[in-house]
Amino acid sequence: MSPHSEIDLHLHSTASDGMLDPAALVAHVAGCGVKLMALTDHDTVDGIAAAAAQAPVSGIGFIAGVELSVLWRGRSLHVLGLGIDPAAPALSAGIAGQKVIRESRAERIAEKLQKAGAPGRETLARIRAAGSMPTRTHFARTLVALDAAKDVGGAFDRWLGRGKPGHVSTPWPELSDGTAWITAAGGKAVIAHPMRYPLSAGARRELCADFKAAGGAGIEVITGGGTVRDREQAISLAVRTGLEGSVGSDFHDPAIPWNPPGRLAKLPASIRPVWTGFLPA
Ligand code: AMP
Ligand code: MN
Ligand code: MN
Ligand code: MN
């Protein structure tokens, strides 16, 4: 039987690169048997009001969240903000900056794709016409629609991934800055999918130490799509560094059947859950 968790604190809506609009996402997540969810769109809080309004209708607990793109030692990684006040000034200012970065990055991606022989300009025009936030997922889906790749994974492998023709390095803010915006907004900062970054074990521990020193609260110990080995390593990382643990699927798309909301292992009892303070008393 598949594992099941009533907690899923990493989910995407159409406010960033998810396929379901915020209210439909909440209904879907509740229908998957999840009792407490967080909406964590990339670099935006635009979906939160609609999701929060749907949550009591669907009978699910809701945590306002975000997934910020940041840099650590020049490498891009993702930090979740959980339990944020989406209107907090420092976070709002930070997110406004992310939007500017994403817009100019999208222009550069489109140019590089065009130079490499892919329909970069057409791809960006379609993304803009749809009014979507320009993420690489949108580039990937549109490249597939334009027959420049066979599927989304193929679009990353051929065009958008690290070292590929459409890859650009992006001046995201520092991890410590993103973490500070989250904590100033009353949220807890959590390193998303910590085993997905190509780091040595030692560098990963240094990342956690730097993050903790900057006010970080936890790491995502249980993530969608991770291997058993990833999970064991993330568990030992949380135990060694004393960071709290989170659980999240990183769900984007109901058409991807192997990663539904809530299909997640339980957090081991040896790790303090990051969500304790968010549960109703
Ligand atoms: P961005 O934040 O614009 O760089 O886009 C990153 C998003 O692209 C991630 O959150 C994933 O949803 C998606 N992504 C990254 N790599 C892949 C991949 N190899 N296959 C499918 N989706 C990917
Ligand atoms: Mn994504
Ligand atoms: Mn991520
Ligand atoms: Mn994500």
Side-chain angles (χ1 to χ4, degrees), residues 8-20 22 25 38-44 46-47 65-72 75-82 95 97-110 112-113 120 123-124 127-128 132-144 148-164 166-173 175 178 182 189-199 207 219-226 230 234 246-259 261:
D8 191 334
L9 304 184
H10 188 161
L11 298 151
H12 293 271
S13 78
T14 49
S16 66
D17 59 351
M19 291 301 285
L20 299 177
L25 173 75
L39 178 65
T40 56
D41 276 308
H42 296 285
D43 302 309
T44 182
D46 289 354
V66 68
E67 181 174 19
L68 297 177
S69 310
V70 296
L71 293 177
W72 179 72
R75 189 183 278 285
S76 100
L77 42 94
H78 288 169
V79 58
L80 301 168
L82 299 177
I95 285 173
Q98 299 291 77
K99 206 168 172 191
V100 173
I101 292 170
R102 279 197 176 273
E103 290 299 334
S104 68
R105 174 193 194 232
E107 303 276 354
R108 289 189 298 130
I109 292 173
K112 286 194 78 177
L113 288 172
T123 299
L124 183 55
I127 294 170
R128 293 226 197 284
S132 312
M133 163 203 253
T135 71
R136 284 188 298 160
T137 313
H138 291 92
F139 273 92
R141 289 183 190 137
T142 310
L143 286 166
V144 173
K150 65 176 184 344
D151 55 26
V152 164
F156 276 90
D157 290 345
R158 183 167 173 198
W159 300 113
L160 299 165
R162 180 177 277 272
K164 300 301 149 99
H167 189 267
V168 301
S169 68
T170 307
W172 301 119
L175 172 67
I182 289 164
V190 172
I191 295 174
H193 39 68
M195 305 314 295
R196 217 185 279 170
Y197 315 116
L199 296 170
L207 163 64
I219 62 173
E220 199 171 55
V221 170
I222 310 291
T223 71
D230 287 344
S246 192
V247 171
S249 62
D250 204 4
F251 169 84
H252 288 73
D253 184 352
I256 296 176
W258 57 88
N259 187 32

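Sequential numbering from 1 along the given sequence is applied to the chain's residues. Start at 1 and go down the list; that is how both ligands and their atoms are numbered.
Formation of a donor-acceptor pair under 3.5 Å by the Arg136 side chain with backbone atoms of Phe156 is not found in this model. Within the 3.5 Å criterion, the main-chain N or O of Asp41 finds no donor-acceptor partner in the side chain of Ser16. Here the side chain of His138 pairs a donor or acceptor atom with the backbone of Met133 at under 3.5 angstrom. No donor-acceptor distance shorter than 3.5 angstrom exists from the side chain of Arg108 to the backbone of Val168, with no hydrogens or angles considered. Without hydrogens or angle criteria, Ser246 side chain to Ile219 main chain gives no donor-acceptor distance under 3.5 Å. Checked by atom type and distance alone, the side chain of Asn259 pairs as donor or acceptor with a backbone atom of Ser249 at under 3.5 Å.
With Ser69 as the fixed residue, the side chain to side chain donor-acceptor pair (under 3.5 Å) test singles out one of Asp43, Thr135, Thr170: Asp43. Here the options are Val79, Ile191, Leu175, the test is side-chain contact (heavy atoms from CB on, under 4.5 Å), and the partner is Trp72; only Leu175 passes.
The Mn ion (ligand 3) lies closest to atom NE2 when only the N/O/S atoms of His193 are considered. Glu67 contributes OE2 as its N, O or S atom closest to the Mn ion (ligand 3). Note on His78: its N/O/S atom closest to the Mn ion (ligand 3) is ND1.
The pair Asp46-Lys99 fails the salt-bridge criterion, with no side-chain N (NZ, NE, NH1 or NH2) lying under 4.0 Å from an Asp/Glu carboxylate O.
Close approach of ligand 1 to Val152 (heavy-atom distance below 4.0 Å) involves ligand atoms 21 (C). Annotation for ligand 1: atoms under 4.0 Å from non-hydrogen atoms of Arg105 are 1 (P), 3 (O), 4 (O). Counting the atoms of ligand 1 from 1 in the order shown, those under 4.0 Å from a heavy atom of Asp17 are 7 (C), 10 (O), 12 (O).
Summarising the contacts of atom 3 (O) of ligand 1 with Arg136, His252, Arg141, the nearest heavy atom is found in Arg136. Among Trp172, Phe156, Phe139, the residue whose heavy atom sits closest to atom 18 (C) of ligand 1 is Phe156. In this comparison of His78, His42, Arg102, the heavy atom closest to atom 2 (O) of ligand 1 sits on Arg102.
By the 4.5 Å heavy-atom criterion applied to side chains, Glu67 and His193 are counted as neighbours.
In Asp43, neither the side chain nor the backbone holds a heavy atom less than 4.0 Å from any atom of ligand 1. Under 4.0 Å from ligand 1, not a single heavy atom of Met133 appears. Residue contacts with ligand 1 for Thr135 involve both N, CA, C or O and side-chain atoms from C-beta outward (heavy atoms, distance under 4.0 Å).
Not a single N, O or S atom of His12, from either the backbone or the side chain, sits less than 2.8 Å from the Mn ion (ligand 2). Among the backbone and side-chain atoms of Asp250, no N/O/S atom is found under 2.8 Å from the Mn ion (ligand 3).
Rounded to 10 degrees, the OD2-metal-NE2 angle spanning Asp17 and His42 at the Mn ion (ligand 2) equals 100°.
Of all protein heavy atoms, the one closest to atom 7 (C) of ligand 1 is Thr137 OG1, 3.4 Å.
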